[in-house]
Amino acid sequence: MSDGQLTSPPGTHDVLSPASRLWEFLIGTFANEARRYGFGLIVSPMFEDVAVFHRGIGEQSDVARKEMYTFTDRGERTYALRPEGTASVVRAFVQHNPTPPWKAWYATPAFRYERPQAGRYRQHHQVGVEALGSDDPYIDLEVISLAWRFYEAIGLRRITLMVNSMGHAECRAEFVELLTAYFEENETRLCDEHTKVWSTNPLRVLDCKKDSCVSLVQEGPTLPASLCAECRDHFAVVTAGLDALEIPWTANPNLVRGFDYYTRTTFEFASDALANAQNAIGGGGRYDRLAEDLGGSPTPGVGFGSGIERLILALEAEESPVVSAVREAGVFAYVVDTTGGLAALTLTSSLRAAGVSVDRAFDRRSMKSQLKAADRSGARWALLIGDQETHGGYVTLRDLRVGDEGERQYQVPRADVVAHVAELQRKNSEI
RNA sequence: GUGGGCGUAGCUCAGCUGGUUAGAGCGCCGCGCUGUGGCCGCGGAGGUCACGGGUUCGAGCCCCGCCGUCCACCCCA
(Lines give C-alpha, C1' and ligand atoms only; values in the text may rest on other atoms or scores of the structure.)
Protein backbone atom coordinates (compact mmCIF):
# COMPACT_ATOMS: atom_id res chain seq x y z
CA MET A 1 0.00 0.00 0.00
CA SER A 2 1.79 3.09 -1.15
CA ASP A 3 -1.38 5.05 -1.85
CA GLY A 4 -0.87 7.32 1.11
CA GLN A 5 -1.90 4.73 3.68
CA LEU A 6 0.50 4.95 6.60
CA THR A 7 2.14 1.64 7.42
CA SER A 8 4.80 0.31 9.73
CA PRO A 9 8.35 0.93 8.48
CA PRO A 10 10.10 -1.78 6.43
CA GLY A 11 11.31 -4.65 8.53
CA THR A 12 9.02 -3.82 11.46
CA HIS A 13 5.78 -5.45 12.48
CA ASP A 14 2.72 -4.92 14.62
CA VAL A 15 1.96 -7.88 16.81
CA LEU A 16 -1.73 -8.01 17.69
CA SER A 17 -3.67 -10.35 19.90
CA PRO A 18 -4.09 -13.30 19.76
CA ALA A 19 -0.59 -13.66 18.26
CA SER A 20 0.78 -11.40 21.00
CA ARG A 21 -0.36 -13.85 23.67
CA LEU A 22 2.66 -15.89 22.74
CA TRP A 23 4.79 -12.82 23.42
CA GLU A 24 3.21 -12.40 26.84
CA PHE A 25 3.93 -16.03 27.54
CA LEU A 26 7.57 -15.88 26.41
CA ILE A 27 8.44 -12.65 28.18
CA GLY A 28 6.50 -13.68 31.29
CA THR A 29 8.22 -17.05 31.42
CA PHE A 30 11.60 -15.42 30.96
CA ALA A 31 10.87 -12.91 33.73
CA ASN A 32 9.94 -15.73 36.10
CA GLU A 33 13.01 -17.71 35.21
CA ALA A 34 15.31 -14.69 35.61
CA ARG A 35 13.81 -13.85 39.01
CA ARG A 36 14.27 -17.47 40.05
CA TYR A 37 17.97 -17.09 39.25
CA GLY A 38 18.24 -13.84 41.18
CA PHE A 39 18.36 -11.41 38.27
CA GLY A 40 16.69 -8.01 38.62
CA LEU A 41 15.00 -6.14 35.79
CA ILE A 42 16.89 -3.31 34.12
CA VAL A 43 15.09 -0.76 31.96
CA SER A 44 17.51 1.43 30.06
CA PRO A 45 17.27 3.84 27.11
CA MET A 46 16.75 2.37 23.66
CA PHE A 47 19.28 4.83 22.28
CA GLU A 48 22.74 5.64 23.51
CA ASP A 49 25.69 7.80 22.58
CA VAL A 50 26.98 6.08 19.45
CA ALA A 51 30.34 5.61 21.23
CA VAL A 52 28.73 3.06 23.57
CA PHE A 53 28.25 0.74 20.63
CA HIS A 54 31.39 1.66 18.71
CA ARG A 55 33.59 1.00 21.72
CA GLY A 56 31.41 -1.88 22.84
CA ILE A 57 30.71 -4.13 19.91
CA GLY A 58 33.76 -2.91 17.95
CA GLU A 59 34.02 -0.46 15.07
CA GLN A 60 35.04 -3.22 12.70
CA SER A 61 32.02 -5.40 13.42
CA ASP A 62 29.42 -5.70 10.67
CA VAL A 63 26.79 -4.24 12.94
CA ALA A 64 28.78 -1.09 13.68
CA ARG A 65 29.98 -0.64 10.11
CA LYS A 66 26.72 -0.90 8.24
CA GLU A 67 23.73 -1.77 10.37
CA MET A 68 23.37 0.93 13.00
CA TYR A 69 20.49 3.35 13.19
CA THR A 70 22.39 6.51 14.02
CA PHE A 71 20.94 10.00 14.23
CA THR A 72 21.78 13.46 15.45
CA ASP A 73 19.36 15.16 17.81
CA ARG A 74 18.55 18.88 18.07
CA GLY A 75 21.45 19.32 20.45
CA GLU A 76 23.90 17.98 17.84
CA ARG A 77 24.53 14.83 19.89
CA THR A 78 25.08 11.64 17.92
CA TYR A 79 23.05 8.70 19.10
CA ALA A 80 22.28 5.20 17.87
CA LEU A 81 19.30 2.96 18.50
CA ARG A 82 20.56 -0.08 20.36
CA PRO A 83 21.53 -2.87 17.97
CA GLU A 84 21.88 -5.39 20.83
CA GLY A 85 21.39 -5.55 24.57
CA THR A 86 24.74 -5.98 26.26
CA ALA A 87 26.63 -2.74 25.58
CA SER A 88 23.99 -0.46 27.06
CA VAL A 89 23.56 -2.62 30.15
CA VAL A 90 27.30 -2.47 30.74
CA ARG A 91 27.21 1.30 30.17
CA ALA A 92 24.55 1.49 32.91
CA PHE A 93 26.71 -0.66 35.17
CA VAL A 94 29.69 1.64 34.68
CA GLN A 95 27.55 4.72 35.28
CA HIS A 96 25.88 3.52 38.51
CA ASN A 97 28.57 1.24 39.86
CA PRO A 98 26.26 -1.20 41.67
CA THR A 99 27.70 -3.74 44.06
CA PRO A 100 28.99 -6.80 42.21
CA PRO A 101 28.10 -9.42 41.37
CA TRP A 102 25.35 -7.52 39.65
CA LYS A 103 22.74 -9.56 37.79
CA ALA A 104 20.28 -7.85 35.46
CA TRP A 105 17.68 -9.12 33.00
CA TYR A 106 15.90 -7.25 30.25
CA ALA A 107 13.36 -7.45 27.46
CA THR A 108 13.96 -4.91 24.73
CA PRO A 109 13.66 -4.11 21.04
CA ALA A 110 16.90 -4.04 19.05
CA PHE A 111 17.46 -2.24 15.78
CA ARG A 112 19.66 -3.13 12.84
CA TYR A 113 19.48 -1.65 9.38
CA GLU A 114 19.57 -4.64 7.05
CA ARG A 115 17.41 -6.27 4.40
CA PRO A 116 14.52 -8.06 6.07
CA GLN A 117 14.05 -11.77 5.43
CA ALA A 118 12.90 -14.88 7.25
CA GLY A 119 13.72 -14.41 10.92
CA ARG A 120 15.48 -11.11 10.38
CA TYR A 121 13.95 -7.72 10.98
CA ARG A 122 15.02 -4.12 11.35
CA GLN A 123 13.38 -4.07 14.73
CA HIS A 124 13.50 -7.35 16.57
CA HIS A 125 13.13 -8.13 20.26
CA GLN A 126 15.35 -9.83 22.76
CA VAL A 127 15.18 -11.10 26.27
CA GLY A 128 18.49 -11.49 28.02
CA VAL A 129 20.58 -11.33 31.16
CA GLU A 130 23.96 -9.85 32.11
CA ALA A 131 26.04 -10.71 35.16
CA LEU A 132 28.90 -8.34 36.01
CA GLY A 133 31.65 -8.45 38.59
CA SER A 134 32.81 -12.04 38.58
CA ASP A 135 35.03 -14.13 36.37
CA ASP A 136 34.01 -17.32 38.16
CA PRO A 137 33.13 -19.92 35.50
CA TYR A 138 30.20 -20.93 37.68
CA ILE A 139 28.49 -17.67 36.84
CA ASP A 140 28.90 -18.53 33.14
CA LEU A 141 27.06 -21.72 34.04
CA GLU A 142 24.25 -19.79 35.69
CA VAL A 143 23.76 -17.78 32.54
CA ILE A 144 23.84 -20.79 30.21
CA SER A 145 21.63 -22.93 32.43
CA LEU A 146 19.11 -20.10 32.78
CA ALA A 147 18.90 -19.98 29.01
CA TRP A 148 18.55 -23.74 28.79
CA ARG A 149 15.82 -23.92 31.46
CA PHE A 150 14.00 -21.07 29.76
CA TYR A 151 13.95 -22.95 26.46
CA GLU A 152 12.66 -26.01 28.27
CA ALA A 153 9.98 -23.99 30.04
CA ILE A 154 8.57 -22.54 26.84
CA GLY A 155 8.44 -25.97 25.26
CA LEU A 156 11.39 -25.95 22.85
CA ARG A 157 12.86 -29.42 22.43
CA ARG A 158 15.12 -29.35 19.39
CA ILE A 159 17.87 -27.05 20.62
CA THR A 160 21.60 -27.48 20.12
CA LEU A 161 24.07 -25.69 22.37
CA MET A 162 27.49 -24.90 20.92
CA VAL A 163 30.26 -23.61 23.16
CA ASN A 164 33.74 -22.25 22.64
CA SER A 165 36.36 -20.14 24.35
CA MET A 166 37.94 -17.07 22.75
CA GLY A 167 40.52 -16.85 25.51
CA HIS A 168 41.27 -13.67 27.39
CA ALA A 169 42.69 -10.60 25.65
CA GLU A 170 46.23 -12.00 25.27
CA CYS A 171 45.14 -15.44 24.04
CA ARG A 172 42.75 -13.83 21.66
CA ALA A 173 45.32 -11.36 20.33
CA GLU A 174 47.85 -14.15 19.89
CA PHE A 175 45.36 -16.22 17.96
CA VAL A 176 44.46 -13.30 15.71
CA GLU A 177 48.16 -12.81 14.99
CA LEU A 178 48.62 -16.46 14.09
CA LEU A 179 45.51 -16.36 11.97
CA THR A 180 46.59 -13.19 10.19
CA ALA A 181 49.99 -14.65 9.35
CA TYR A 182 48.32 -17.82 8.12
CA PHE A 183 45.88 -15.96 5.89
CA GLU A 184 48.65 -13.77 4.49
CA GLU A 185 50.52 -16.89 3.40
CA ASN A 186 47.42 -18.51 1.96
CA GLU A 187 45.48 -15.52 0.71
CA THR A 188 44.77 -17.17 -2.64
CA ARG A 189 42.87 -19.97 -0.94
CA LEU A 190 40.28 -17.67 0.65
CA CYS A 191 36.88 -17.30 -0.99
CA ASP A 192 36.39 -14.35 -3.36
CA GLU A 193 34.64 -12.27 -0.74
CA HIS A 194 37.23 -12.79 2.00
CA THR A 195 40.21 -12.33 -0.29
CA LYS A 196 39.23 -8.66 -0.35
CA VAL A 197 38.04 -8.03 3.18
CA TRP A 198 39.50 -10.63 5.53
CA SER A 199 42.06 -8.30 7.10
CA THR A 200 39.50 -5.96 8.67
CA ASN A 201 38.26 -8.84 10.82
CA PRO A 202 40.14 -12.13 10.37
CA LEU A 203 37.89 -13.93 12.87
CA ARG A 204 34.94 -13.57 10.51
CA VAL A 205 36.57 -16.05 8.15
CA LEU A 206 36.11 -18.76 10.78
CA ASP A 207 32.38 -19.00 10.18
CA CYS A 208 32.47 -18.47 6.44
CA LYS A 209 30.46 -21.21 4.78
CA LYS A 210 32.31 -21.26 1.45
CA ASP A 211 34.20 -24.48 0.81
CA SER A 212 37.49 -22.74 0.15
CA CYS A 213 37.46 -20.88 3.47
CA VAL A 214 36.16 -23.91 5.37
CA SER A 215 39.04 -26.15 4.26
CA LEU A 216 41.59 -23.40 4.79
CA VAL A 217 40.33 -22.81 8.33
CA GLN A 218 40.37 -26.53 9.08
CA GLU A 219 44.07 -26.74 8.39
CA GLY A 220 44.96 -23.48 10.15
CA PRO A 221 45.60 -22.42 13.72
CA THR A 222 42.78 -23.14 16.20
CA LEU A 223 41.48 -21.19 19.14
CA PRO A 224 41.76 -24.03 21.66
CA ALA A 225 45.47 -24.37 20.82
CA SER A 226 46.04 -20.68 21.55
CA LEU A 227 44.47 -20.73 25.00
CA CYS A 228 46.69 -20.18 28.03
CA ALA A 229 46.47 -22.58 30.96
CA GLU A 230 44.12 -20.32 32.92
CA CYS A 231 41.70 -19.92 30.03
CA ARG A 232 41.80 -23.65 29.37
CA ASP A 233 40.97 -24.32 33.02
CA HIS A 234 38.16 -21.77 32.96
CA PHE A 235 36.65 -23.41 29.92
CA ALA A 236 37.06 -26.87 31.42
CA VAL A 237 35.03 -25.86 34.48
CA VAL A 238 32.28 -24.52 32.22
CA THR A 239 32.02 -27.70 30.18
CA ALA A 240 32.27 -29.94 33.26
CA GLY A 241 29.47 -27.90 34.82
CA LEU A 242 27.29 -28.39 31.76
CA ASP A 243 27.82 -32.12 32.10
CA ALA A 244 26.98 -31.96 35.82
CA LEU A 245 23.73 -30.17 34.97
CA GLU A 246 23.06 -32.68 32.19
CA ILE A 247 22.84 -29.93 29.59
CA PRO A 248 23.97 -31.38 26.26
CA TRP A 249 26.58 -29.33 24.42
CA THR A 250 29.01 -29.55 21.54
CA ALA A 251 32.36 -27.82 21.22
CA ASN A 252 32.67 -25.55 18.21
CA PRO A 253 36.18 -24.12 17.96
CA ASN A 254 35.11 -21.85 15.10
CA LEU A 255 32.29 -20.18 17.02
CA VAL A 256 33.36 -16.54 17.17
CA ARG A 257 30.09 -14.52 17.10
CA GLY A 258 29.64 -11.08 15.67
CA PHE A 259 30.67 -8.71 18.45
CA ASP A 260 34.26 -7.88 19.25
CA TYR A 261 33.81 -7.70 23.01
CA TYR A 262 33.72 -11.44 23.66
CA THR A 263 36.47 -13.08 25.69
CA ARG A 264 36.71 -16.62 26.99
CA THR A 265 33.32 -18.37 27.01
CA THR A 266 31.11 -17.94 23.96
CA PHE A 267 28.01 -19.96 23.18
CA GLU A 268 25.11 -20.09 20.80
CA PHE A 269 21.79 -21.93 20.77
CA ALA A 270 20.46 -23.12 17.42
CA SER A 271 17.13 -24.68 16.57
CA ASP A 272 17.35 -27.93 14.61
CA ALA A 273 13.80 -27.24 13.43
CA LEU A 274 14.85 -24.13 11.50
CA ALA A 275 16.37 -25.04 8.16
CA ASN A 276 17.44 -21.60 6.99
CA ALA A 277 20.54 -19.65 7.90
CA GLN A 278 18.68 -17.79 10.63
CA ASN A 279 18.59 -20.76 13.00
CA ALA A 280 20.35 -19.06 15.92
CA ILE A 281 17.75 -18.41 18.59
CA GLY A 282 20.09 -17.08 21.22
CA GLY A 283 23.69 -16.67 22.21
CA GLY A 284 26.13 -14.89 24.40
CA GLY A 285 29.36 -15.15 26.25
CA ARG A 286 31.88 -13.52 28.48
CA TYR A 287 33.13 -9.95 27.99
CA ASP A 288 35.83 -9.29 30.55
CA ARG A 289 37.13 -6.11 28.91
CA LEU A 290 33.89 -4.41 28.03
CA ALA A 291 33.35 -2.39 31.24
CA GLU A 292 36.89 -1.06 30.92
CA ASP A 293 36.39 -0.21 27.25
CA LEU A 294 33.34 1.81 28.24
CA GLY A 295 35.33 3.82 30.75
CA GLY A 296 34.72 1.85 33.92
CA SER A 297 37.04 -0.01 36.21
CA PRO A 298 38.05 -3.46 34.97
CA THR A 299 35.02 -5.67 35.61
CA PRO A 300 34.42 -9.09 34.10
CA GLY A 301 30.97 -9.98 32.84
CA VAL A 302 28.95 -12.64 31.10
CA GLY A 303 25.51 -12.62 29.52
CA PHE A 304 23.20 -13.92 26.88
CA GLY A 305 20.34 -12.76 24.70
CA SER A 306 17.62 -14.54 22.81
CA GLY A 307 15.45 -13.29 19.96
CA ILE A 308 11.72 -13.46 20.58
CA GLU A 309 10.81 -13.65 16.89
CA ARG A 310 13.26 -16.51 16.42
CA LEU A 311 11.88 -18.34 19.45
CA ILE A 312 8.41 -18.12 17.93
CA LEU A 313 9.67 -19.34 14.55
CA ALA A 314 11.38 -22.27 16.27
CA LEU A 315 8.28 -23.15 18.30
CA GLU A 316 6.17 -23.04 15.15
CA ALA A 317 8.69 -25.10 13.22
CA GLU A 318 8.61 -27.71 15.98
CA GLU A 319 4.81 -27.61 15.76
CA SER A 320 4.88 -27.20 19.50
CA PRO A 321 1.50 -27.67 21.20
CA VAL A 322 2.45 -24.68 23.35
CA VAL A 323 1.75 -22.37 20.42
CA SER A 324 -1.89 -23.27 19.93
CA ALA A 325 -2.54 -23.70 23.65
CA VAL A 326 -1.28 -20.22 24.42
CA ARG A 327 -3.01 -18.60 21.47
CA GLU A 328 -6.37 -20.09 22.34
CA ALA A 329 -6.33 -18.88 25.93
CA GLY A 330 -8.96 -16.17 26.34
CA VAL A 331 -11.19 -14.83 29.07
CA PHE A 332 -12.90 -17.25 31.44
CA ALA A 333 -16.37 -15.67 31.49
CA TYR A 334 -18.48 -13.38 29.33
CA VAL A 335 -21.39 -11.33 30.63
CA VAL A 336 -24.44 -11.14 28.39
CA ASP A 337 -26.77 -8.34 29.51
CA THR A 338 -29.93 -7.55 27.56
CA THR A 339 -31.29 -5.13 30.14
CA GLY A 340 -29.26 -2.14 29.01
CA GLY A 341 -25.71 -2.68 30.23
CA LEU A 342 -25.68 -1.39 33.81
CA ALA A 343 -25.96 -4.89 35.26
CA ALA A 344 -22.99 -6.00 33.15
CA LEU A 345 -21.04 -2.97 34.35
CA THR A 346 -21.39 -3.86 38.02
CA LEU A 347 -21.10 -7.63 37.61
CA THR A 348 -17.92 -7.49 35.52
CA SER A 349 -16.47 -5.03 38.02
CA SER A 350 -17.13 -7.38 40.95
CA LEU A 351 -15.86 -10.41 39.06
CA ARG A 352 -12.65 -8.68 38.05
CA ALA A 353 -12.11 -7.54 41.64
CA ALA A 354 -12.40 -11.22 42.59
CA GLY A 355 -9.72 -12.16 40.06
CA VAL A 356 -11.94 -13.54 37.33
CA SER A 357 -10.99 -12.68 33.76
CA VAL A 358 -14.20 -11.56 32.14
CA ASP A 359 -15.37 -9.62 29.12
CA ARG A 360 -18.78 -8.26 28.07
CA ALA A 361 -20.66 -6.84 25.10
CA PHE A 362 -21.50 -3.21 24.42
CA ASP A 363 -23.96 -1.30 22.27
CA ARG A 364 -27.13 -2.97 23.61
CA ARG A 365 -26.96 -5.83 21.19
CA SER A 366 -29.39 -8.72 21.07
CA MET A 367 -28.88 -11.79 23.24
CA LYS A 368 -28.12 -13.82 20.14
CA SER A 369 -25.48 -11.35 19.08
CA GLN A 370 -23.97 -11.14 22.55
CA LEU A 371 -23.80 -14.92 22.86
CA LYS A 372 -22.09 -15.06 19.52
CA ALA A 373 -19.51 -12.63 20.85
CA ALA A 374 -19.20 -14.73 24.00
CA ASP A 375 -18.49 -17.78 21.88
CA ARG A 376 -15.89 -15.93 19.89
CA SER A 377 -14.17 -14.65 23.02
CA GLY A 378 -13.23 -18.19 23.90
CA ALA A 379 -14.96 -17.86 27.30
CA ARG A 380 -15.90 -21.05 29.10
CA TRP A 381 -19.01 -19.53 30.68
CA ALA A 382 -21.64 -17.04 29.59
CA LEU A 383 -23.37 -15.19 32.43
CA LEU A 384 -26.84 -14.21 31.25
CA ILE A 385 -28.76 -11.27 32.64
CA GLY A 386 -32.13 -10.57 31.04
CA ASP A 387 -35.49 -9.40 32.37
CA GLN A 388 -36.21 -12.81 33.91
CA GLU A 389 -32.95 -12.76 35.83
CA THR A 390 -33.43 -9.19 36.97
CA HIS A 391 -36.91 -9.94 38.34
CA GLY A 392 -35.88 -13.25 39.85
CA GLY A 393 -32.71 -11.92 41.44
CA TYR A 394 -30.45 -14.50 39.83
CA VAL A 395 -27.98 -14.93 36.97
CA THR A 396 -28.13 -17.75 34.42
CA LEU A 397 -24.81 -19.53 33.87
CA ARG A 398 -24.41 -21.15 30.48
CA ASP A 399 -21.57 -23.54 29.77
CA LEU A 400 -20.32 -22.69 26.30
CA ARG A 401 -18.35 -25.88 25.87
CA VAL A 402 -21.04 -28.44 26.62
CA GLY A 403 -22.94 -29.73 23.62
CA ASP A 404 -25.86 -31.30 25.45
CA GLU A 405 -28.67 -28.74 25.71
CA GLY A 406 -30.17 -30.13 28.93
CA GLU A 407 -27.01 -29.91 31.00
CA ARG A 408 -25.61 -26.59 30.04
CA GLN A 409 -27.53 -23.96 32.02
CA TYR A 410 -28.37 -23.28 35.63
CA GLN A 411 -29.26 -20.36 37.84
CA VAL A 412 -27.28 -18.84 40.67
CA PRO A 413 -28.61 -16.19 43.07
CA ARG A 414 -27.22 -12.76 42.16
CA ALA A 415 -25.60 -12.44 45.58
CA ASP A 416 -23.62 -15.69 45.10
CA VAL A 417 -22.54 -15.29 41.50
CA VAL A 418 -19.14 -13.69 42.04
CA ALA A 419 -17.98 -16.29 44.56
CA HIS A 420 -19.43 -19.07 42.46
CA VAL A 421 -17.70 -18.02 39.23
CA ALA A 422 -14.43 -17.33 41.03
CA GLU A 423 -14.59 -20.90 42.32
CA LEU A 424 -15.29 -22.22 38.83
CA GLN A 425 -12.24 -20.41 37.51
CA ARG A 426 -10.10 -21.74 40.36
CA LYS A 427 -11.16 -25.32 39.64
CA ASN A 428 -10.65 -24.82 35.93
CA SER A 429 -7.07 -23.66 36.39
CA GLU A 430 -6.27 -26.80 38.38
CA ILE A 431 -6.90 -28.98 35.36
C1' G B 1 24.41 -3.24 -0.48
C1' U B 2 23.44 -7.36 -4.63
C1' G B 3 19.91 -10.87 -6.84
C1' G B 4 14.99 -13.37 -7.56
C1' G B 5 9.38 -14.29 -6.60
C1' C B 6 4.89 -11.82 -5.39
C1' G B 7 1.30 -7.36 -4.67
C1' U B 8 -6.85 -8.48 -6.61
C1' A B 9 -12.32 -7.74 -0.28
C1' G B 10 -10.30 -7.92 6.98
C1' C B 11 -7.62 -13.05 5.73
C1' U B 12 -6.26 -17.06 1.98
C1' C B 13 -6.56 -16.93 -3.04
C1' A B 14 -9.11 -17.56 -8.40
C1' G B 15 -9.47 -14.36 -12.67
C1' C B 16 -8.71 -18.24 -19.80
C1' U B 17 -4.50 -15.84 -25.63
C1' G B 18 -6.26 -7.90 -22.72
C1' G B 19 -13.06 -7.51 -23.91
C1' U B 20 -17.95 -4.65 -21.22
C1' U B 21 -21.64 -4.80 -14.08
C1' A B 22 -14.23 -8.11 -10.66
C1' G B 23 -15.25 -13.68 -8.14
C1' A B 24 -14.86 -17.80 -4.29
C1' G B 25 -13.87 -19.68 0.61
C1' C B 26 -13.18 -18.02 5.51
C1' G B 27 -14.28 -13.85 8.63
C1' C B 28 -17.88 -9.76 9.67
C1' C B 29 -23.28 -7.87 10.10
C1' G B 30 -28.53 -9.22 9.85
C1' C B 31 -32.64 -12.73 9.37
C1' G B 32 -34.77 -17.84 9.91
C1' C B 33 -35.26 -18.50 16.20
C1' U B 34 -39.40 -11.14 19.47
C1' G B 35 -34.38 -14.56 25.71
C1' U B 36 -29.75 -18.35 23.74
C1' G B 37 -23.53 -19.07 20.67
C1' G B 38 -21.20 -23.11 18.15
C1' C B 39 -24.19 -26.61 12.98
C1' C B 40 -27.47 -25.42 8.79
C1' G B 41 -30.19 -22.13 5.30
C1' C B 42 -31.06 -17.15 3.32
C1' G B 43 -29.63 -12.15 2.72
C1' G B 44 -26.11 -7.98 3.26
C1' A B 45 -21.86 -4.84 3.85
C1' G B 46 -16.91 -4.65 2.15
C1' G B 47 -12.42 -3.80 -3.64
C1' U B 48 -9.86 3.75 -6.76
C1' C B 49 -7.36 -4.78 -8.79
C1' A B 50 -0.40 -1.25 -4.17
C1' C B 51 0.87 3.45 -6.57
C1' G B 52 2.35 6.52 -11.12
C1' G B 53 2.95 6.64 -16.20
C1' G B 54 2.65 4.18 -21.13
C1' U B 55 0.66 0.91 -25.28
C1' U B 56 -4.51 -0.07 -26.94
C1' C B 57 -11.06 1.21 -29.37
C1' G B 58 -10.56 -1.31 -24.57
C1' A B 59 -5.70 -3.03 -19.17
C1' G B 60 -6.53 -6.76 -12.99
C1' C B 61 -3.97 -9.09 -17.28
C1' C B 62 1.09 -6.20 -21.76
C1' C B 63 5.50 -2.38 -21.12
C1' C B 64 8.32 1.16 -17.94
C1' G B 65 8.96 3.25 -13.26
C1' C B 66 8.07 3.35 -8.11
C1' C B 67 6.77 1.58 -3.32
C1' G B 68 5.77 -2.53 -0.37
C1' U B 69 6.35 -7.64 0.76
C1' C B 70 8.56 -12.45 0.78
C1' C B 71 13.01 -15.18 -0.14
C1' A B 72 18.39 -15.79 -1.01
C1' C B 73 23.63 -13.83 -0.35
C1' C B 74 26.58 -11.18 3.62
C1' C B 75 25.90 -11.60 8.83
C1' C B 76 23.23 -12.33 12.83
C1' A B 77 18.44 -12.63 17.19
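Residue numbers begin at 1 in each chain, while the letters A, B, ... track the order of the sequences.
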> With a 4.0 Å cut-off on heavy atoms, is A:Q123 in touch with a base, just the backbone sugar-phosphate, or nothing at all?
Replying inline: nothing
> In residues 19-50 of chain A, what residues come within less than 4.0 Å of RNA chain B, judged by heavy atoms?
Replying inline: none
> Looking at residues 103-114 of chain A, who's got a heavy atom less than 4.0 Å off RNA chain B?
Replying inline: A:R112, A:E114
> Between B:rU36, B:rA77, B:rG37, which one does the side chain of A:Q409 approach most closely?
Replying inline: B:rU36
>> Expressed as a whole number of angstroms, how long is the span from A:L206:CG to B:rC75:P?
In response: 11 Å
> Are A:F111 and A:H125 near enough that their ring centres are under 6.0 Å apart?
Replying inline: no
>> For a quick check of understanding: with a heavy-atom distance under 4.0 Å over all strands, which category does A:A374 fall into, base, sugar-phosphate or nothing?
In response: nothing
> Among B:rC71, B:rC70, B:rA77, which is the nearest nucleotide to the side chain of A:Y121?
Replying inline: B:rA77
>> Mind checking if A:I281 touches a base, just sugar-phosphate, or nothing, with heavy atoms under 4.0 Å?
In response: sugar-phosphate
>> For A:F269 and A:F304, take the angle between the two ring planes, folded into 0 to 90°, and tell me which bin it lands in: parallel under 30, tilted 30 to 60, perpendicular over 60.
In response: perpendicular
> B:rG1 C1' sits how many Å from A:E67 CD, rounded?
Replying inline: 11 Å
>> Measure CG/A:L384 against C1'/B:rU36 and give the value in whole Å, please.
In response: 7 Å
> Among the nucleotides B:rG37, B:rC75, B:rA72, which one has an atom lying closest to any side-chain atom of A:L371?
Replying inline: B:rG37
>> Between the base of B:rC75 and the side chain of A:R204, is there a donor and acceptor pair under 3.5 angstrom?
In response: no
> Mind checking what makes side chain to side chain donor-acceptor pair (under 3.5 Å) contact with A:H124, not counting sequence neighbours?
Replying inline: A:Q126
>> Check A:E67 with A:R122, please: is the shortest side-chain N to carboxylate O separation under 4.0 Å?
In response: no
Short heteroatom pairs, N/O only, protein and nucleotides 28-31 of chain B, under 3.5 Å:
residue	atom	partner	partner atom	Å
B:rC28	OP1	A:R376	NH1	2.6
B:rC29	OP1	A:R376	NH2	3.2
B:rC29	OP2	A:R376	NH1	3.3

At a cut-off of 3.5 Å, list every protein nitrogen or oxygen paired with a nitrogen or oxygen from nucleotides 2-4 of chain B, distance to 0.1 Å.
residue	atom	partner	partner atom	Å
B:rU2	O4	A:R115	NH1	3.2
B:rG3	O6	A:R115	NH2	2.9

> Can you name the residues that form a salt bridge (Lys or Arg N to Asp or Glu O under 4.0 Å) with A:R158, not counting sequence neighbours?
Replying inline: none
> Which is true for A:G128 with a 4.0 Å heavy-atom rule: it touches a base, it touches only sugar-phosphate, or it touches nothing?
Replying inline: nothing
> Rounded to whole angstroms, how far apart are CG on A:D62 and C1' on B:rC73?
Replying inline: 13 Å
> Checking all strands, does A:G305 fall into the base, sugar-phosphate, or nothing category for heavy-atom contacts under 4.0 angstrom?
Replying inline: nothing
> Between A:Q117 and B:rA72, is there a side-chain N or O to OP1/OP2 distance below 4.0 Å?
Replying inline: yes
> If we take the P atom in both B:rU69 and B:rA24, what is their distance in whole Å?
Replying inline: 30 Å
>> I want to verify a distance call: between B:rU36, B:rA72, B:rA77, whose nearest atom is closest to the A:M367 side chain?
In response: B:rU36
